[in-house]
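Along the sequence shown, residues are numbered consecutively beginning with 1.
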Amino acid sequence: EKQALMLLLEGKTFRTNMVSKVMKDGKETVQYSPLERPLVFEDVLSVVEIGNEVKVVTADGQKHHSQKRIINTKKVG
């Protein structure tokens with residue numbers, strides 16, 4: 001099941017901010033820089049299958065819609 005979910009996450013991005021402290025006008029302030037990286041399994045909050053569609057909600061608040069893919073897991077030989 002994890003393998004199938006990883007296939008659904010391929011090509012999708014997780015958007016967040018990187019926080020860094022900087023000096024501005026003699027004061028220490030916080031600066032936020034946007035950061036995008038590939039989605040990983042740990043980012044997934046929920047997965048819902050409705051008919052032929054899979055909806056994945058991630059920790060950055062995005063909802064991704066994908067069509068179900070059938071994965072052949074039979075061993076050959």
Side-chain angles (χ1 to χ4, degrees):
E1 189 169 298
K2 183 176 178 179
Q3 179 185 8
L5 183 57
M6 292 305 295
L7 286 173
L8 291 174
L9 299 180
E10 277 183 11
K12 297 186 178 13
T13 57
F14 183 86
R15 293 182 178 97
T16 188
N17 291 312
M18 186 172 61
V19 179
S20 56
K21 294 181 180 181
V22 296
M23 293 297 289
K24 187 174 184 179
D25 299 329
K27 296 181 182 179
E28 189 176 282
T29 62
V30 177
Q31 180 178 1
Y32 297 92
S33 304
L35 176 68
E36 286 189 8
R37 61 172 173 76
L39 271 175
V40 294
F41 183 76
E42 289 75 21
D43 296 330
V44 176
L45 295 179
S46 71
V47 179
V48 177
E49 294 182 32
I50 301 173
N52 204 24
E53 187 176 52
V54 179
K55 295 181 182 183
V56 178
V57 178
T58 57
D60 61 352
Q62 294 186 55
K63 185 186 287 185
H64 302 275
H65 302 265
S66 298
Q67 295 296 317
K68 280 187 189 177
R69 296 184 201 174
I70 297 174
I71 301 170
N72 188 357
T73 57
K74 291 182 182 178
K75 291 183 180 180
V76 178

With heavy-atom distances below 4.5 Å as the criterion, would you say the side chains of Leu5 and Phe41 are in contact? yes

How close do Thr13 and Asp60 get, counting heavy atoms only, and between which atoms? O-OD2, 4.2 Å

Euclidean distance, Leu8 CG relative to Gln67 CD, rounded to 0.5 Å: 10.0 Å

Which residue pairs satisfy the side-chain hydrogen bond (donor to acceptor under 3.5 Å, both in side chains) criterion with at least one member in residues 23-34, sequence neighbours excluded? none

Assess whether side-chain contact (heavy atoms from CB on, under 4.5 Å) is satisfied between Val44 and Leu9, documenting all intermediate values. CA-CA 9 Å; Val44 176; Leu9 299 180; 3.9 Å; yes

Tell me the salt bridge (Lys or Arg N to Asp or Glu O under 4.0 Å) pairs involving residues 29-39, sequence neighbours left out? Arg15-Glu36, Arg37-Asp43

Quick check: do Leu39 and His64 have side-chain heavy atoms less than 4.5 Å from each other? yes

In terms of heavy-atom contacts, does NZ of Lys12 have more than 12 from other residues, nucleotides or ligands at under 6.0 Å? yes

Same cluster (ILVMFWY, side-chain, under 4.5 Å), Val54 and Met6: yes

For the hydrophobic clusters of this structure (ILVMFWY residues joined by side-chain heavy atoms under 4.5 Å, transitively), does one cluster hold both Phe14 and Val47? yes

Could you tell me the separation between the CG atom of Asn17 and the CG atom of Leu35, rounded to the nearest 0.5 Å? 8.0 Å

Tell me, which pairs form a salt bridge (Lys or Arg N to Asp or Glu O under 4.0 Å) where one or both residues lie in residues 44-56, sequence neighbours left out? Glu49-Lys68

